[in-house]
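Being a predicted model, the structure only gives us computed values, none of them experimental. Here is the naming used below: chain letters follow the sequence lines, and residue numbers restart at 1 for every chain.
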Amino acid sequence: MHVSRPDLVPDASLERSEMETLQREIADAAVFEDALEFDPAVLGDPLVASTSEDDPPIVAGVDQSFLTNDAGDQDRALSAVVAVQGDEVIERVHAVTPLSIPYIPGLLSFREGAPIIDALEELSVEPDLLLFDGSGRIHFRQAGIATHMGVVLDVPSIGIAKSLLCGSPREDVENLPEGTRVPIEANSRVDAAEGTLLGYAVQTRQYDSPDRHINPLYVSPGHRVGPETAADVALATSSSYKLPDPVRLADSYADEAKRGLGE
DNA sequence: GCGACAG
DNA sequence: ATCTTGTCGC
């Protein structure tokens, strides 16, 4: 893949206020509605997929692991990408990139963005959709890492977060039935009209027993995907685990590749 | 000043 | 994110 908006690439050397200004530009450039070149329905329904004349869409999951130097600091990120088509893994790539800034809530893309772009540039196939570990529109300035990457690359993207950064669930999200979703709307901490639909809490997996339960994922549009479709995709790409397959595979590949460096 | 805070 | 064995439950 290649960068289509070099001017919007996250630059870790910017001042904090400049980063926030760039995020507002990203949010303005982002499209929070469906603008895909494939029918997302083929992802979940094998019947629909078999009816299609086209090849199945390529969905790539992206995740990072971190490397520590002798002093014990996290000085490099290993960004991993796993491209899936149908139920086949068609490519896996990774890149190791130096880190310059620490994790700061709300500024994640300035820490992990460059490593992610490095890894995606290694990919030979062209993904139709990117799934990121983190938020998309569910962000203080509506420009989470999935949105930032989607806009810079101009590719449809979705944010898959394991916890909620901001915004408020319309209802209780405790112990939701599998397959259900609860709207997440903008609150005072978000740079959007109060009540704006930012994404969904999505329950991809749930236990049967009343004893324990699984927390939902927080799914939001990155770029060129609407909130409903983002939630649909999260459910359709989650087979046996809580996380969508591409993201889970990228997660484990990031660890696997890291271990491969040590020995 | 206090609280909240993706990975 | 990361440090990490056993253990509870289906």
Which whole-number value in Å describes the distance from [X] [atom1] to [N] [atom2]?
X: A/Leu165; N: B/dG3; atom1: CG; atom2: C1'; value: 14 Å
X: A/Arg189; N: B/dC2; atom1: CZ; atom2: P; value: 18 Å
X: A/Asn215; N: B/dA6; atom1: CG; atom2: P; value: 14 Å
X: A/His148; N: B/dA6; atom1: NE2; atom2: P; value: 19 Å
X: A/Gln142; N: B/dA6; atom1: CD; atom2: C1'; value: 16 Å
X: A/His139; N: B/dA6; atom1: NE2; atom2: P; value: 11 Å
X: A/Gln206; N: C/dC10; atom1: CD; atom2: C1'; value: 14 Å
X: A/Leu99; N: C/dT2; atom1: CG; atom2: C1'; value: 14 Å

So, is A/Lys162 near the phosphate of C/dA1, with a side-chain N or O under 4.0 Å from OP1 or OP2?
->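 Yes, within the criterion.
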With respect to the phosphate group of B/dA6, does any side-chain polar atom (N or O) of A/Tyr103 fall under 4.0 Å of OP1 or OP2?
->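 True: A/Tyr103 side-chain N/O within range (under 4.0 Å) of B/dA6 OP1/OP2.
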Among A/Val173, A/Asp232, A/Thr204, A/Leu217, find the residue that satisfies the side-chain contact (heavy atoms from CB on, under 4.5 Å) test when tested with A/Arg181.
->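 When A/Val173, A/Asp232, A/Thr204, A/Leu217 are each tested with A/Arg181, the side-chain contact (heavy atoms from CB on, under 4.5 Å) holds only for A/Asp232.
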Side-chain H-bond candidate by donor/acceptor type, A/Glu228 with A/Tyr200, under 3.5 Å =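 Short answer, yes.
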Tell me what [X] touches on the nucleic acid: a base, only sugar-phosphate, or nothing, going by heavy atoms under 4.0 Å.
X: A/Thr68; answer: nothing
X: A/Ser163; answer: sugar-phosphate
X: A/Ile138; answer: nothing
X: A/Gly159; answer: nothing
X: A/Asp211; answer: sugar-phosphate
X: A/Leu107; answer: base

Lys/Arg N to Asp/Glu carboxylate O, A/Glu256 vs A/Arg92, below 4.0 Å =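 A salt bridge is present here (some side-chain N lies under 4.0 Å from a carboxylate O).
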SB check A/Arg248 A/Asp245 (cutoff 4.0 Å) |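 Here A/Arg248 pairs with A/Asp245 in a salt bridge, since their nearest N and O are under 4.0 Å apart.
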Closest-nucleotide 5' rank along DNA chain C - winner of A/Asp255 and A/Arg212 |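 Checking each residue's closest nucleotide, the 5'-ward one belongs to A/Asp255.
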Closest nucleotide of DNA chain C for A/Asp208 versus for A/Phe66: which of these residues is on the 5' side?
->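 Upstream on the strand: A/Phe66.
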Is it true that a side-chain atom of A/Gln85 and a backbone atom of A/Pro56 form a donor plus acceptor pair closer than 3.5 Å?
->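 Present.
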